[in-house]
Amino acid sequence: MKRLIYLILVAFPLMFCGCQDDDVFEIFASGQWKVVNYYVEADWNATYDNHAKALYTPTSDELEILRNFTITFNEDGSLTGYLDNQSFTGRWSANPKDRSVSITQLSVSSANLSGMRRDFIQKLENVRYYRGDSQMLQLAPESRNNFVQFRHY
C-alpha cells in the first residue's frame with residue numbers, strides 16, 4: 001500500500017509537469033514557413049490578439065513581396081530562408097519555458113540588401129519571443145507590441 005501511494009505521489013506531478021511546455025521542434029521545425037504579414041499595436045498577452053493591425057493591406061504590392069519571404073528552421077539549430085532572389089542562413093534556438101527565441105549568425109547571400117528584404121532580416125535579428133503551433137507562428141521583439149506572423153502554405 002505504501003508503494004502504491006508513493007507511486008501515485010511521484011507519478012502524479014510527472015504527468016502534469018511537461019504539459020505546459022511547447023514542443024519547439026514540432027512548432028519550428030515543421031517545414032517551410034511563409035510570412036503572412038507584419039502586425040503592429042499588438043497585445044502579446046492576449047490569447048488571440050484580434051486588435052493587432054496588419055501593416056500591409058491585402059491589395060498592397062508590398063504584401064505580395066512579403067509573402068514570398070520564407071524561412072525553414074531545422075532540428076539541428078540551423079535555419080535557411082529566401083527573400084525572392086536572395087537566400088539567407090543562420091542559427092536558432094528556443095526555450096519553451098518562457099517562449100523565448102534567438103536567431104543569430106544571419107548571413108545573406110548578397111551584400112546588397114535593401115528595402116523590405118533588409119527590414120525582414122532586421123526583424124529576425126531582433127526576435128526574442130514566439131507563440132503559435134505547427135500551423136501558425138508569431139515572432140516578436142523584446143517589446144512584444146508588434147510581430148511577424150508565419151504560416152505553412
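Numbers here are sequence positions counted from 1. Below, each value reflects all heavy atoms present in this structure, side chains not excepted, and no hydrogens, waters or symmetry copies.
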Donor-acceptor side-chain pairing of N112 and S110 below 3.5 angstrom: no
Considering all heavy atoms, the nearest I27-G132 contact: CD1-O, 3.7 Å
Per the ring-ring contact (aromatic ring centres under 6.0 Å, His included) rule, what does the pair list look like for residues 89-115, sequence neighbours excluded? F28-W92, F73-W92
Does a side-chain heavy-atom distance below 4.5 Å link T89 with S78? no
Side-chain touch R131/F147, heavy atoms, less than 4.5 angstrom: yes
Side chains of E142 and Y129: closer than 4.5 Å at any heavy-atom pair? yes
Check whether any side-chain heavy atom of W33 sits under 4.5 Å from a side-chain heavy atom of H152, and report yes or no. yes
Across all chains, not counting sequence neighbours, the salt bridge (charged side-chain N to carboxylate O under 4.0 Å, His left out) partners of K53 are E41
Distance-minimising heavy-atom pair for Y39 and A52: CB-CB, 4.1 Å
So do I71 and L124 actually touch side chain to side chain, heavy atoms under 4.5 Å? yes
Side-chain heavy atoms of W44 within contact of R99, under 4.5 Å: no
So which of V35, I65, L113 actually passes side-chain contact (heavy atoms from CB on, under 4.5 Å) with L83? L113
Sequence-distant partners of D84, salt bridge (charged side-chain N to carboxylate O under 4.0 Å, His left out), two or more places apart: R117
Around atom CG of D61, are there more than 12 heavy atoms of other residues, nucleotides or ligands at under 6.0 Å? no
Contact check, side chains of T57 and L63, non-hydrogen atoms, under 4.5 Å: no
